Amino acid sequence: AGCDNSTVEPDPGEPTTDQAAFEKLADEDSAISSFEPNYNEDGLSGFLGKTAIDIFPLKVGQRMRLVNRTLSVDIVGDTAYGTLTKTFEGVLFIAASYDSGATEPDTIIQKPFTSVMTRKLIFIRIGNSPRPFRNWKIVAISLPEGGTPNRNIDITKTTIFLPNGDEIVVTSPNEFFLSRGPHWWRQLPSVVRGDSVRIQVEVTSAYEAEDFVTLTYGADRHGLNRAKRRFELISSIPSGGVYLKVYEQYFRTHQAPGFFHAIINAFPKQVIFDDTAPVESESWGIPYLVRMF
């Protein structure tokens with residue numbers, strides 16, 4: 001009889017408002033949180049091979065520090081629409097040599113920059129209790145996109161070719177939603193560990209020279225098992241004062257199952273090959289799930 005009259009007190013750290021509940025749900029969603037360990041390459045990463053350009057970069061990587069995070073939410077009935085905006089202070093590291101015959105870098109160039117990334121979230125109401133955190137859940141997330149405020153390079157389309165023959169075509173990441181459950185949006189891309197995935201990226205660039213487009217993927221929430229590959233230029237066509245370019249690359253998923261992000265970073269050539277050119281970049285993220293079989 002005593003149990004019938006008892007009340008369950010909320011946990012001390014449990015949100016007491018809808019806004020706080022939305023923020024906690026976004027922070028704890030593993031598909032969302034897998035973005036930053038791959039966007040932040042934690043400095044130099046990936047041996048890119050010797051080149052034969054004016055300066056000779058051997059390793060390139062970026063270190064990103066989150067400096068501001070806002071989640072604005074509009075509640076419409078039993079659905080809430082959120083925009084998650086994250087501002088990063090970054091440093092682009094270029095380990096290079098001014099000697100065309102060098103096999104090891106003799107200088108490290110550091111270029112500071114600021115990047116703003118956005119993604120959309122959709123929540124639905126699942127309860128009407130006095131405890132807001134129990135009343136909502138995330139049902140869909142968009143792909144993240146963003147970059148430096150001033151840039152002359154844009155990713156316009158990405159096509160993901162999955163091993164099962166499915167294709168995912170994205171032209172507007174913030175409007176492309178992936179389901180976080182059995183709902184009507186497209187399911188989160190799911191691949192078996194060790195699978196090979198082909199990605200094709202279309203870029204509009206103000207510059208004729210081949211851009212520096214990379215894919216960073218595979219890092220878990222601790223930043224372990226991060227890998228990086230450079231896209232290969234497939235075609236470049238001048239059009240109305242800009243260049244329409246297509247890049248392509250494959251990546252193979254790691255053995256560890258879980259949620260990950262593949263991050264596409266696009267820089268104009270001079271950002272990497274000129275020691276004084278300011279950073280211009282655009283980035284798109286692709287969340288995916290690695291399963292055992």
Side-chain angles (χ1 to χ4, degrees), residues 35-69 85-100 102-118 144-156 173 201 203-219 223 226-233 236 242-243 245 247 249 261-285:
F35 170 79
E36 286 180 44
N38 290 281
Y39 189 48
N40 174 26
E41 298 172 345
D42 203 23
L44 292 168
S45 63
F47 184 77
L48 298 168
K50 186 171 169 294
T51 61
I53 318 268
D54 296 335
I55 67 170
F56 305 88
L58 299 172
K59 293 183 180 181
V60 177
Q62 61 186 29
R63 178 174 293 143
M64 310 302 295
R65 183 172 69 90
L66 181 66
V67 294
N68 189 52
R69 174 190 181 280
T85 303
K86 293 185 176 182
T87 301
F88 296 87
E89 287 183 352
V91 178
L92 181 66
F93 293 88
I94 306 168
S97 175
Y98 293 95
D99 178 1
S100 62
T103 58
E104 295 291 334
D106 51 45
T107 186
I108 296 180
I109 300 164
Q110 300 184 36
K111 297 185 177 184
F113 66 102
T114 299
S115 176
V116 179
M117 301 295 300
T118 61
E145 68 170 323
T148 57
N150 300 311
R151 59 180 183 265
N152 292 293
I153 187 170
D154 289 294
I155 301 170
T156 58
V201 178
V203 170
T204 298
S205 175
Y207 310 104
E208 180 179 6
E210 179 179 352
D211 306 298
F212 192 83
V213 185
T214 63
L215 182 73
T216 305
Y217 63 97
R226 185 185 297 112
K228 183 173 180 177
R229 306 199 72 177
R230 184 177 178 181
F231 281 89
E232 297 180 359
L233 179 65
S236 178
V242 297
Y243 296 85
K245 305 175 186 179
Y247 294 86
Q249 188 53 272
H261 262 75
I263 310 296
I264 301 166
N265 292 313
F267 302 89
K269 174 190 170 184
Q270 72 272 11
V271 173
I272 306 300
F273 293 90
D274 183 327
D275 59 2
T276 61
V279 175
E280 304 174 52
S281 70
E282 183 170 29
S283 301
W284 287 15

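Just so we're clear, the structure is a prediction, and the values are computed from it rather than from any experiment.
- The distance from the CE atom of M64 to the OG1 atom of T114 is 8.0 Å, given to the nearest 0.5 Å.
- Looking at heavy atoms from C-beta onward, S283 lies in side-chain contact with M117 at the 4.5 angstrom threshold.
- One finds the CG atom of N265 at 4.5 Å from the OG1 atom of T214 (value rounded to the nearest 0.5 Å).
- Remark: D211 engages I153, V203, S205, V213, K245, Y247, P268 in a side-chain contact (heavy atoms from CB on, under 4.5 Å) (not counting sequence neighbours).
- Across all non-hydrogen atoms, the minimal contact from R226 to A219 is CB-CB, 3.8 Å.
- What you find for A209 and K269 is that their closest heavy atoms are CB-CD, 3.4 Å.
- Screening F35, W284, Y217, Y39 for a ring-ring contact (aromatic ring centres under 6.0 Å, His included) involving H261 leaves a single residue, F35.
- In this structure, N150 and E280 approach most closely via the heavy-atom pair O-CG, 4.0 Å.
- Residues meeting the side-chain hydrogen bond (donor to acceptor under 3.5 Å, both in side chains) test with T156, sequence neighbours left out: none.
- Defined by atom type and a distance below 3.5 Å, a donor-acceptor pair is missing between the side-chain atoms of N38 and T216.
- Of all heavy-atom pairs spanning T148 and F113, the tightest one is CG2-CD1, 3.8 Å.
- Between F267 and F212, the ring-plane angle classifies as tilted under the 30° and 60° cut-offs.
- By the side-chain contact (heavy atoms from CB on, under 4.5 Å) test, A277 pairs with K111, Q270, D274, sequence neighbours left out.
- Qualifying salt bridge (Lys or Arg N to Asp or Glu O under 4.0 Å) partners for E232, counting only residues two or more places apart in sequence or in other chains: none.
- Rounded to the nearest 0.5 Å, atoms CG (D154) and CD (E145) are 9.5 Å apart.
- At distances below 3.5 Å, not a single donor-acceptor pair connects side-chain atoms of K59 with backbone N or O atoms of P105.
- In terms of heavy atoms, R151 sits closest to S281 at CD-O, 3.2 Å.
- Residues satisfying the salt bridge (Lys or Arg N to Asp or Glu O under 4.0 Å) criterion with E36, sequence neighbours excluded, are K86.
- R63 places a side-chain heavy atom less than 4.5 Å from the side chain of N40.
- Here the shortest heavy-atom pairing between G285 and I263 reads CA-CD1, 4.0 Å.
- At distances below 3.5 Å, at least one donor-acceptor pair connects side-chain atoms of E41 with backbone N or O atoms of Q62.
- One finds the CG atom of L215 at 13.5 Å from the CZ atom of R230 (value rounded to the nearest 0.5 Å).
- Not a single donor-acceptor pair under 3.5 Å links the side chain of E208 to the backbone N or O of Y243.
- Taking N68 as the reference, T70, T87 meet the side-chain contact (heavy atoms from CB on, under 4.5 Å) condition, with sequence neighbours excluded.
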